[in-house]
Amino acid sequence: MGLEMNDDTKTTTDASTRVPRNSSKPKTQEASQSSWFSLPQPLKRIFDRFPLIVYPANVLPQRAPRRRNENILYIFQSEEPPSRDAPSFNPSCLKWQAYLKFHGIPLRTRPSNNHASPTGSLPFLLPASQENQRPPSPVPANRLARWVISQGGKEEAVHMRQDAYTALIDHNIRSAWLYYLYLDDQNFHAVAWPMYVASASSSWAVQTELARQLRNAARDELLKTSTLIDQQALYDKADEAFQALSTLLGEQKFFFGQTTPGLFDASLFAYTQIILDDDLDWRTPVLKTALQKYENLVQHRARLVRGFFSGRTPSVHSMDE
C-alpha cells in the first residue's frame, strides 16, 4: 500500500508539469487514470469491511482453576464430586498429595492425566497467584519437596539407613504393585481398567490400545531388573519389605520416631492406602492379604487417613489415635 501511494503521488506531480492548467481531459481518461492506481475492487471490498468482528476471549476449560488464589494439585483421581480431595488412586500422585497435606499446605486437587502435565507425568502443582504478580510456573513432582521448604516447610533430616528402607518401597513393593495392578488379568480388568482406561475414552478402540500400552509399560519396567517376570518372587519380596518396615515402625506412630509424618511415611502410605482401600475390587488380593498381617502398618495407614483425608483439619487427638 505504501509503495502504491508513493508512485501515485509522483505520477500526478509529473503530469501537472506537462499539462497546462486550462487544459482539459476527457472524463473517461480521468476515470481511467484514477482507477489505474486504485485498489482492485475485490480487495477494496474486503478492506471496506474492516475492522473485522472481534470475538470475546474463550472461557477457561472447566478443569482450569477459577480461583487462582489457591494451590491446585493435578493428580489421577476420580471425577465424581464426592471424591474431590480424596486420596488419589495412583501411588506417585498420592505420595505427594499426602506430603503436602502433612506439611499443612492448603490445596485443592483436580483430576487430570499425563497429557495435561508440563513434564508429561502427574502430579504437578499450580501454585496460588499473588495479587498483581505474574502467575507462577507449575511445580513438577521432583521439585515439590524444595517448593514446600520455600513456603516455610521444615526440611526433613535423613535418618540412618533411610535410603535402604526407601529402596524397599521404591523397588520391592513397587515391582510387586506393577504386576498386581497391570499384569494380573483379573485385577487389571476390575481395578486398573475403570481407573485408567475407561475414564480416558469411551471409544473401544482407544481403550484397547491404551490397555495394551499400560500393560506393556509395566512389563518393560519389570524386565529392566530381571530377564524373567516371576510372579511369586515379586510377591515374596514385597512381603519381606512389609515385614522389614513393620519392624522399623514398631510401636511408633510415624517412622524414625517423628512426631509428625514425613516424606517416608507418605511414600509407604501411597501404596498401603490403595492396597487396603475397600472401595477397590481386588479380585486377586495377594498384596492386600500380605499387608494385613502387619497390624502396625495397617494402623499407620488408618491413622493417616483419619488425620489428613477425613475432610477435617488434623488435630492432636486424631494424630494420637
Side-chain angles (χ1 to χ4, degrees), residues 76 87-99 121 141 159 161-193 195-196 214-256 261-305:
F76 284 109
S88 171
F89 53 71
N90 176 272
S92 298
C93 292
L94 181 53
K95 171 184 175 179
W96 293 108
Q97 182 187 9
Y99 179 75
S121 63
H159 301 272
R161 298 190 64 194
Q162 182 170 335
D163 289 344
Y165 285 106
T166 299
L168 292 178
I169 300 173
D170 293 344
H171 297 289
N172 294 37
I173 295 177
R174 180 174 181 270
S175 295
W177 167 260
L178 290 176
Y179 187 94
Y180 187 63
L181 179 64
Y182 295 107
L183 300 185
D184 181 285
D185 288 336
Q186 294 188 60
N187 284 343
F188 180 79
H189 287 94
V191 181
W193 185 282
M195 290 194 302
Y196 294 106
L214 288 172
R215 305 192 79 176
N216 284 346
R219 186 176 292 105
D220 292 344
E221 186 69 20
L222 292 174
L223 289 174
K224 288 180 181 179
T225 55
S226 176
T227 56
L228 178 67
I229 299 176
D230 187 332
Q231 169 190 346
Q232 191 56 49
L234 291 171
Y235 289 148
D236 288 344
K237 287 183 179 180
D239 191 18
E240 292 171 3
F242 288 142
Q243 183 177 21
L245 292 168
S246 176
T247 302
L248 176 65
L249 180 61
E251 299 298 322
Q252 303 171 101
K253 295 287 190 295
F254 309 110
F255 285 94
F256 305 110
L263 184 58
F264 189 89
D265 296 89
S267 299
L268 179 60
F269 176 74
Y271 289 97
T272 58
Q273 155 57 25
I274 305 172
I275 291 172
L276 296 174
D277 190 347
D278 290 332
D279 291 333
L280 300 180
D281 185 20
W282 298 110
R283 299 296 176 87
T284 312
V286 181
L287 283 185
K288 186 173 185 178
T289 302
L291 179 56
Q292 286 174 329
K293 294 188 300 183
Y294 306 100
E295 184 60 28
N296 60 346
L297 296 185
V298 174
Q299 290 302 318
H300 176 266
R301 174 256 181 181
R303 188 176 299 115
L304 295 177
V305 171

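Bear in mind that the values here come from a model prediction, so they are computed numbers and not experimental data. Below, each value reflects all heavy atoms present in this structure, side chains not excepted, and no hydrogens, waters or symmetry copies.
Closest approach of V298 and L291 over heavy atoms only: CG2-O, 3.8 Å. Among all heavy-atom pairs drawn from L223 and L228, the shortest one is CD2-N, 4.4 Å. Taking each heavy atom of R215 and H189 in turn, the nearest pair found is NH1-CE1, 4.2 Å. Shown here for V286 and Y180, the closest heavy-atom pair between the two residues is N-CE1, 3.6 Å.
Residues L263 and T166 fail the side-chain proximity criterion, which asks for heavy atoms closer than 4.5 Å. Looking at L234 and L178, their side chains never come closer than 4.5 Å, going by heavy atoms from C-beta outward. Here the side chains of I173 and L268 are in contact, with some heavy-atom distance below 4.5 Å. Under the 4.5 Å side-chain criterion, counting only non-hydrogen atoms from C-beta, R174 is in contact with Y271. Put simply, the side chain of M195 reaches to within 4.5 Å of the side chain of L181, judged on heavy atoms. The closest side-chain heavy-atom distance from R301 to L297 is not below 4.5 Å.
Remark: side-chain polar atoms of D220 are not paired, donor with acceptor, to backbone N or O of A217 under 3.5 angstrom. Judged purely by atom type and a 3.5 angstrom limit, R283 has no side-chain atom pairing as donor or acceptor with the backbone of A190. Listed for the N187 side chain is no donor-acceptor partner under 3.5 Å among the backbone atoms of W282.
Here CG of L168 is found 11.0 Å from CD of Q243. Values are rounded to the nearest 0.5 Å. For the atom pair CG of L222 and OH of Y179, the computed distance is 9.5 Å after rounding to the nearest 0.5 Å. Atom CZ of residue F242 and atom CG of residue L245 lie 8.0 Å apart, to the nearest 0.5 angstrom. For the atom pair CG of N216 and CG of L183, the computed distance is 9.0 Å after rounding to the nearest 0.5 Å. With values rounded to the nearest 0.5 angstrom, N296 atom CG is found 4.5 Å from L249 atom CG. With rounding to the nearest 0.5 angstrom, the OH atom of Y294 is 14.0 Å from the OG1 atom of T272.
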For a quick test of your reading: what N or O donor-acceptor pairs under 3.5 Å do the side chains of residues 91-98 make, sequence neighbours left out?
residue	atom	partner	partner atom	Å
Q97	OE1	S88	N	2.9
Q97	NE2	A86	O	3.0

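For A233, the side chain to side chain contact (heavy atoms under 4.5 Å, CB included) partners are D230, not counting sequence neighbours. Y196 meets the ring pair (Phe, Tyr, Trp, His ring centres under 6.0 Å) test with F76, F89; sequence neighbours excluded. Here F255 pairs with F264, H300 under the ring pair (Phe, Tyr, Trp, His ring centres under 6.0 Å) rule; sequence neighbours left out. Residues that satisfy the ring pair (Phe, Tyr, Trp, His ring centres under 6.0 Å) test with H171, not counting sequence neighbours, are absent from this structure.
Judged as a salt bridge (charged side-chain N to carboxylate O under 4.0 Å, His left out), the pairs with a partner in residues 287-300 (not counting sequence neighbours) are, in order, D239-K293, D278-K288.
A salt bridge between E240 and K237 is absent, with no side-chain N of the basic residue lying under 4.0 Å from a carboxylate O of the acidic one.
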